[in-house]
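Notes to accompany the following structure.
Computed from heavy atoms alone, side chains included, the values below leave out hydrogens, waters and symmetry copies. Residues take their numbers from the sequence shown, with the count starting at 1.
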Amino acid sequence: MTVLAPLAYLVAAVCFIMALRGLSHPETARQGLTYGMSGMALAIVTTLMLPIVSSYGLIILGVAIGGGIGATIAKKIEMTSLPQLVAAFHSLVGLAAVCVAAAAFYNPSAYGIGTFGDIKFASLIEMSLGAAIGAVTFTGSIIAWGKLQGTISGKPVVFTGQHKLNAALGALLFLFIILLCVTGSSFYFWAIILLAFALGVLMIIPIGGADMPVIVSMLNSYSGWAAAGIGFTLHNNLLIVTGALVGASGAILSYIMCKGMNRSFFNVILGGFGGETAGPAADMGDRSAKLGAAEDAAYLMKNASKVIIVPGYGMAVAQAQHALREMADILKREGVDVKYAIHPVAGRMPGHMNVLLAEANVPYDEVFELEDINRDFAQTDVVYVIGANDITNPAAKNDPSSPIFGMPVLDVENAQTVLFVKRSLGSGYAGIDNPLFYADNTMMLLDDAKKMTEDIVKALE
């Protein structure tokens, strides 16, 4: 099997590449998942058949426990909880990298990298980088999970000298990595891990809820690089390739998210904004919002020729995607042209809205990204905004003082009528007021997203 292992690993690596390619589009996503699972199964079987594996007892126990926990979570997890689930899984990848690094450090002969106290210089570099990135990923992902879950405030946690402290800890971490490689001391090994744990916390707590999509993809990238670093320590080419794929794809996705918010990566790290608590309604002087009911919305959409639906996290929380598709089906039977508009950072994780709509069997050819549909709003009779807020806020275009100024948003205000489904007139996840609520062509439908949509369906019928 030792001779065939490189070939099997190569096939598995190709499967992972095909998985990424498949997951790039909803129509091929299932096929991509099949490639990914097949590649992982091949990688695991190949590794277990290597001569270096001498005992299967603990391995089988670990697979049984981990597989049982994973299967239970997968069956019970709600779609609205996917972002925090991803963050939690990233933390486990980071912790695994730290544990493998510790095992290799205290028993280097088992990995062929030297003896305790006399580990190869190159191996110490690989080990220390893998452990440091893994530790940052572990604690950073836990903080991200807490912010997304609501157990930790989604608002930025800042204090005087924060950035200087992070910079100092980063420099000290780099110094300890050098000292570990020179001395091989266990003191510096654990100092690296502890410093990285602290740095992971301090890097994520100042980042607000509005930037969480970027942080989720960034931590995904970190987990990949941690795995790649440990792959060098384990002399496992597939782990190196897989880690590099995850790291690179996560970095590219982070760039796409930053572009979608018109923010640089350093802006996110140094100046995150937003939180999960809705703020006060916008101060629009004597102007007030125009309130409507389900019957009003049903009448307007039934008599429209073109309707665009803009889903947001509020739709996910209310689990309104099935009712939304039912409403769209009725409108289409009435001859109304229905489309869906997706913003790159809608929800709290990249692709969150696409997954929810796919779960409700919304046809893929009716779902459009921002750059493909923004020009259509001016020729649209009714826009149905369900649970979205910041991604439709015109302040991003006309208010230089707004934190989201310059961020590409969906031009829903250009439609003839905007129906805005929201629980209240409060601000969204970014904590920024939305003047669109008070526009002359906006009708606010203040209710739970699912209940309001179901009421509209009844009115349409």
Distance col, row R30:CZ vs L33:CG, nearest 0.5 angstrom, shows 8.5 Å
Quick one, Q31 and M18 - any side-chain contact, counting heavy atoms below 4.5 Å? no
Rounded to the nearest 0.5 Å, the CD1 atom of I215 sits from the CG atom of L148 at a distance of 10.0 Å
Does I342 reach the side chain of P311, with side-chain heavy atoms less than 4.5 Å apart? yes
Is there a donor-acceptor pair closer than 3.5 Å between any side-chain N or O of N441 and the backbone N or O of E413? yes
So CZ of F197 and CD1 of I192: to nearest 0.5 Å the spacing works out to 12.5 Å
Here the salt bridge (charged side-chain N to carboxylate O under 4.0 Å, His left out) pairs for residues 109-132, sequence neighbours left out, are none
Closer than 3.5 angstrom, by distance alone: can the side chain of S223 be matched with the main-chain N or O of H90 as a donor-acceptor pair? no
Between I142 and S91, the two heavy atoms sitting closest are CG1-CB, 4.1 Å
| said: What I'd like to find out is whether the side chain of R325 reaches to under 4.5 Å of the side chain of L357, using heavy atoms alone. | reply: no
Quiz item: Is there side-chain contact between V418 and T392, with at least one heavy-atom pair below 4.5 Å?
Solution: no
Residues I240 and G231: closest non-hydrogen pair is CG1-C, 3.5 Å
One should read off an interatomic distance between T233 OG1 and Y111 OH, to the nearest 0.5 angstrom, of 9.0 Å
Tightest non-hydrogen contact, residues A297 and L445, listed as CB-CD1, 3.8 Å
query: Within a strict 4.5 Å, meaning less than it, do heavy atoms of the I204 and I207 side chains meet?
result: yes
- Side-chain contact test, heavy atoms from C-beta onward, threshold under 4.5 Å: evaluate it for D376 versus F368 and give yes or no. no
Quick check: do T151 and W145 have side-chain heavy atoms less than 4.5 Å from each other? yes
Inset, instruction - Look at the rings of Y188 and F176 and say which category their plane angle falls in: under 30° parallel, 30 to 60° tilted, over 60° perpendicular. - result: tilted
**Report entry** Full working for side-chain contact (heavy atoms from CB on, under 4.5 Å) between L238 and F16
**Finding:** CA-CA 10 Å; L238 182 60; F16 293 149; 4.0 Å; yes
Could you walk me through whether T47 and Y9 pass side chain to side chain donor-acceptor pair (under 3.5 Å), step by step? CA-CA 9 Å; T47 302; Y9 281 160; 2.7 Å; yes
Next item on the list: Would you sort out whether I113 and H235 count as a side-chain contact (heavy atoms from CB on, under 4.5 Å), showing the intermediate values?
Entry: CA-CA 9 Å; I113 58 176; H235 302 292; 3.6 Å; yes
Residues at least two apart in sequence or cross-chain that pass salt bridge (charged side-chain N to carboxylate O under 4.0 Å, His left out) with R21, listed by chain then number, are none
Query raised in the report: Counting only N and O atoms by type, is there a donor-acceptor contact under 3.5 Å from the side chain of K422 to the main-chain atoms of F437?
Result: no
Could you tell me whether the side chain of Q162 and the main chain of V157 form a donor-acceptor pair under 3.5 Å?
yes
* Any chance you could lay out the side-chain contact (heavy atoms from CB on, under 4.5 Å) test for L219 and Y222, step after step, and finish with the verdict? => CA-CA 5 Å; L219 291 169; Y222 285 2; 4.1 Å; yes
message = Regarding S221 and W225, do their side chains bring together a donor and an acceptor under 3.5 Å, going by distance alone?
response = yes
Closest non-hydrogen contact found for M443 with L291 is CG-C, 4.1 Å
Shortest non-hydrogen pair, V421 vs D447, comes out as CG1-O, 4.1 Å
P435 and P394 have their tightest heavy-atom pair at CG-CG, 4.0 Å
Would a distance-only check, ignoring hydrogens and angles, find a side-chain to backbone donor-acceptor pair under 3.5 Å from N374 to D411? yes
Interatomic distance, CE@M315 vs CD1@I309, rounded to 0.5 Å, equals 9.5 Å
Donor-acceptor under 3.5 Å (S141 side chain, F138 main chain):
no
Next item on the list: Look only at the side chain of T453 and the backbone of L324, and say whether a donor-acceptor pair between them is shorter than 3.5 Å.
Entry: no
Would a 4.5 Å heavy-atom cut-off, applied to side chains only, mark V93 and T137 as touching? no
* Could you check H343 against M353 for side-chain contact (heavy atoms from CB on, under 4.5 Å), going step by step and ending with a plain yes or no? => CA-CA 9 Å; H343 191 279; M353 295 301 106; over 6 Å; no
For E366, the salt bridge (charged side-chain N to carboxylate O under 4.0 Å, His left out) test, sequence neighbours excluded, returns K332
NZ (K290) and OG1 (T417) are apart, to the nearest 0.5 Å, by 7.5 Å
Just by modelled atom types, is the D433 backbone N or O under 3.5 Å from a matching donor or acceptor in the N393 side chain? yes
Within the supplied structure, the quantity of interest is the number of heavy atoms (other residues, nucleotides, ligands) at a distance under 6.0 Å from F116 CZ; does it exceed 12? yes
| field | Check ion pair R423-D448 (N to O, under 4.0 angstrom) | value | yes
query = Would you find a donor on one side and an acceptor on the other, under 3.5 Å apart, between the side chain of T442 and the backbone of Y438?
reply = no
